[in-house]
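Input: a single structure, listed below in structure tokens.
Protein chains get the first letters and strands the later ones, always in sequence-line order, with residue 1 at the start of each.
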There are 2 protein chains.
Amino acid sequence: MGKPYSVLVVDDHPLLRRGICQLITSDGDFTLFGEAGTGLDALTALSDNEPDIILLDLNMKGMSGLDTLNAMRQEGVTARIVILTVSDAKQDVIRLLRAGADGYLLKDTEPELLLEQLKKAMLGHRVISEEVEAYMYELKNATDDNQWIESLTPRELQILQELAEGKSNRVISEDLHISEGTVKVHVKNLLRKANAKSRTEMAVRYLNQ
Amino acid sequence: MGKPYSVLVVDDHPLLRRGICQLITSDGDFTLFGEAGTGLDALTALSDNEPDIILLDLNMKGMSGLDTLNAMRQEGVTARIVILTVSDAKQDVIRLLRAGADGYLLKDTEPELLLEQLKKAMLGHRVISEEVEAYMYELKNATDDNQWIESLTPRELQILQELAEGKSNRVISEDLHISEGTVKVHVKNLLRKANAKSRTEMAVRYLNQ
DNA sequence: ATAACTATACTCCTAAAGGGGTATTTTTTG
DNA sequence: CAAAAAATACCCCTTTAGGAGTATAGTTAT
């Protein structure tokens, strides 16, 4: 076999980072390229040379995992980027894979399985945890369930947020200093875009992202 | 100094467990009592003898952290039980501390600080991460914002859950095979108990627990 | 610059939601 | 067993929500 794969571990939880790093170094096929506690630290670590694999957490303070991934691809980073997270939210999976992640693994993956998956990723496979694989067909069939949120104008989003706090049209109109009728127009348009039958249904869908 | 404190680590993420265990064993003041990946495993591990400290995760598969804590206290476990979790949700903090947790720490705590906190916990202090300390006054002032949910009848809760999926009174009545009028009565009573002005407000409050 | 989009504000109308009351049946509980 | 609570269903009535249409001023993109 050739030389071991180098890995950069990016996670804002020191404890988990320690566990991952220990796992990496305990296997002869991998070496630790470095570790970073924030997305910015990770980008700095990549300024000189690159590892073979970047293990990236989502839900980090400051720069999110998605932002970090985008920034890395922008910088021309060619390393395999594998997401390692607790979130199995459909929205996250779809967004990250669309953004060019080479894998999406969950943090409750068994250590041995994780190493296997990383080796597979180096062979050019896209590695996905079983639990989230179900979302893959949605990635192909496109039209993300919450794609409608992206199509909203700033004003509509503002009104949706007020609505999703349980406020009535009248209260929203007073908050925003516009007529109740205008709020109703916005709500009408929101309902059409969300393809929802009532404001409550729309609020629920919005809150569940 | 006396003999080291023994620690039981309960977490369903093998990677994180590895990180924690490594931290525990790297400090001379602690020894590893054992590790468990589920609440049930933890209870089994406690059948013969007890550690000094139990580090307990929330959000575990199967038995939740809260259930595990309750079961342990039921079994007469006297070890210091410290919650170690990612969730800083107000509801979780309040529930766990009420259930008798001796500490509530977040997983992004620095390793050194975590060890310090565990030593403090052994001295009889209740250790709380700074980020969640703000919820402490709410614990004293009692009357949990969502206490109203506890006062609901089974039928009312069922209707609230349907309502919180965005369904209309008519749809709910069809789902439950009762008249729309009856649903309206239940909703009316729910609004009174929740002290909410509209079904949307109530749905939002329910979803935010 | 002209077309498209956004935000604003009406009108008229229908449907749904919500508040008050009364009443019957069933279930639970003391 | 009797009282209380829960679930059912209806009445009448007011308020809120939502659908369709028209219109106008300002902004943005082509």
Side-chain angles (χ1 to χ4, degrees), chain A residues 70 74 95 98 142-209, chain B residues 142-209:
Chain A
N70 283 327
Q74 193 82 29
R95 276 192 187 152
R98 276 208 183 123
T143 62
D144 183 342
D145 240 19
N146 296 291
Q147 182 252 338
W148 61 279
I149 294 180
E150 315 297 328
S151 77
L152 302 184
T153 67
R155 196 56 155 174
E156 284 170 345
L157 184 61
Q158 191 178 14
I159 283 170
L160 174 58
Q161 285 165 344
E162 296 254 329
L163 186 153
E165 289 174 17
K167 294 177 180 173
S168 68
N169 290 339
R170 174 159 301 282
V171 170
I172 296 174
S173 76
E174 286 161 0
D175 279 3
L176 303 183
H177 307 295
I178 55 179
S179 85
E180 186 183 350
T182 301
V183 175
K184 289 177 75 170
V185 173
H186 284 304
V187 171
K188 195 197 308 181
N189 293 335
L190 281 165
L191 287 168
R192 184 175 38 75
K193 287 185 176 180
N195 194 27
K197 290 195 187 77
S198 73
R199 61 167 48 218
T200 307
E201 180 190 340
M202 184 162 63
V204 170
R205 291 241 308 274
Y206 175 68
L207 291 175
N208 292 334
Q209 301 268 335
Chain B
T143 60
D144 187 339
D145 241 21
N146 297 290
Q147 181 251 338
W148 61 278
I149 294 179
E150 314 299 328
S151 78
L152 303 183
T153 67
R155 196 56 153 176
E156 285 170 345
L157 184 60
Q158 191 177 14
I159 283 170
L160 175 58
Q161 286 165 343
E162 297 254 327
L163 186 154
E165 287 174 19
K167 294 178 180 173
S168 68
N169 291 337
R170 173 158 300 282
V171 170
I172 296 173
S173 76
E174 287 161 359
D175 280 3
L176 303 183
H177 308 295
I178 55 179
S179 86
E180 188 183 351
T182 301
V183 175
K184 289 179 75 171
V185 173
H186 284 304
V187 171
K188 196 195 307 180
N189 294 335
L190 281 166
L191 287 168
R192 183 174 38 75
K193 287 185 177 181
N195 194 26
K197 289 195 187 75
S198 73
R199 60 167 49 218
T200 307
E201 181 191 339
M202 186 163 60
V204 169
R205 290 240 310 274
Y206 175 68
L207 290 175
N208 291 334
Q209 305 259 332

**Prompt:** Heavy atoms, side chains only, cut-off 4.5 Å: are B:His186 and B:Leu163 in contact?
**Reply:** no
**Complete:** Correct closest heavy-atom pair for B:Asn195 and B:Arg205 would be O-NH1, 4.2 Å
**Prompt:** Hey, does the side chain of A:Ser198 come within less than 4.0 Å of C:dA16's phosphate (OP1/OP2), counting only N and O?
**Reply:** no
**Fill in**
DNA chain D nearest-nucleotide lookup for B:Ile159 and A:Ser168: closer to the 5′ end is B:Ile159
**Request:** Determine: side-chain N/O of B:Asn169 to OP1/OP2 of C:dA17, distance under 4.0 Å, yes or no.
**Result:** yes
**Request:** Can you figure out which of C:dA9, D:dG18, D:dT8 approaches the side chain of A:Ser179 most closely?
**Result:** C:dA9
**Complete:** Per atom distances to the B:Lys184 side chain, the nearest of C:dA7, C:dG18, C:dA9 is C:dG18
**Request:** Rounded off to whole Å, could you give me the CD-to-P distance for the B:Glu201 and D:dT16 pair?
**Result:** 14 Å
**Request:** Ignoring backbone atoms, test whether B:Arg155 places a side-chain nitrogen or oxygen under 4.0 Å from the OP1 or OP2 oxygen of D:dT8.
**Result:** yes
**Complete:** Separation of D:dA6 atom P from B:Leu152 atom CG, nearest Å, is 10 Å
**Request:** Check for a donor-acceptor pair, side chain of B:Glu156 on one end and backbone N or O of B:Leu152 on the other, with a separation under 3.5 Å.
**Result:** no
**Item:** Lys/Arg N to Asp/Glu carboxylate O, B:Lys184 vs B:Glu180, below 4.0 Å
**Value:** no
**Complete:** Per atom distances to the B:Val187 side chain, the nearest of C:dC10, D:dA17, C:dG18 is C:dG18
**Message:** Can you measure A:Asn189 atom CG to D:dA17 atom C1' for me and round it to whole angstrom units?
**Reply:** 15 Å
**Request:** From the options C:dG19, D:dT8, C:dT8, select the nucleotide whose nearest atom is closest to the side chain of B:Leu191.
**Result:** C:dG19
**Request:** Could you say whether A:Leu163 or B:Pro154 is positioned toward the 5' end of DNA chain D, judged by the nucleotide with the nearest heavy atom to each?
**Result:** B:Pro154
**Message:** Tell me the interatomic distance from A:Lys193, atom NZ, to D:dG18, atom C1', rounded to whole angstroms.
**Reply:** 17 Å
**Asked** Between the base of C:dG20 and the side chain of B:Lys188, is there any donor-acceptor pair under 3.5 Å?
**Response** yes
**N or O in side chain of B:Arg170 less than 4.0 angstrom from C:dA16 OP1/OP2** = no
**Message:** Counting only side-chain heavy atoms from C-beta out, which of C:dA9, C:dA7, D:dG18 sits nearest to A:His186?
**Reply:** C:dA7
**Request:** Take atom CD of A:Glu180 and atom P of C:dT8, then tell me their distance rounded to the nearest Å.
**Result:** 15 Å
**Request:** Round to the nearest Å and state the distance from A:Leu190 atom CG to C:dT6 atom C1'.
**Result:** 13 Å
**Prompt:** In whole angstrom, what separates B:Arg192's CZ from C:dG20's C1'?
**Reply:** 12 Å
**Prompt:** Do you know the tightest heavy-atom contact between B:Val204 and A:Ala203?
**Reply:** CG2-CB, 4.5 Å
**Message:** Tell me whether the side-chain N/O atoms of B:Thr182 come closer than 4.0 Å to OP1 or OP2 in D:dA9.
**Reply:** yes
**Item:** A:Leu176 CG - C:dT8 P separation (whole Å)
**Value:** 8 Å
**Request:** Start with the C-alpha distance between A:Ser179 and A:Ser173, add both sets of side-chain angles, then the distance that settles side-chain hydrogen bond (donor to acceptor under 3.5 Å, both in side chains), and finish with yes or no.
**Result:** CA-CA 6 Å; A:Ser179 85; A:Ser173 76; over 6 Å; no
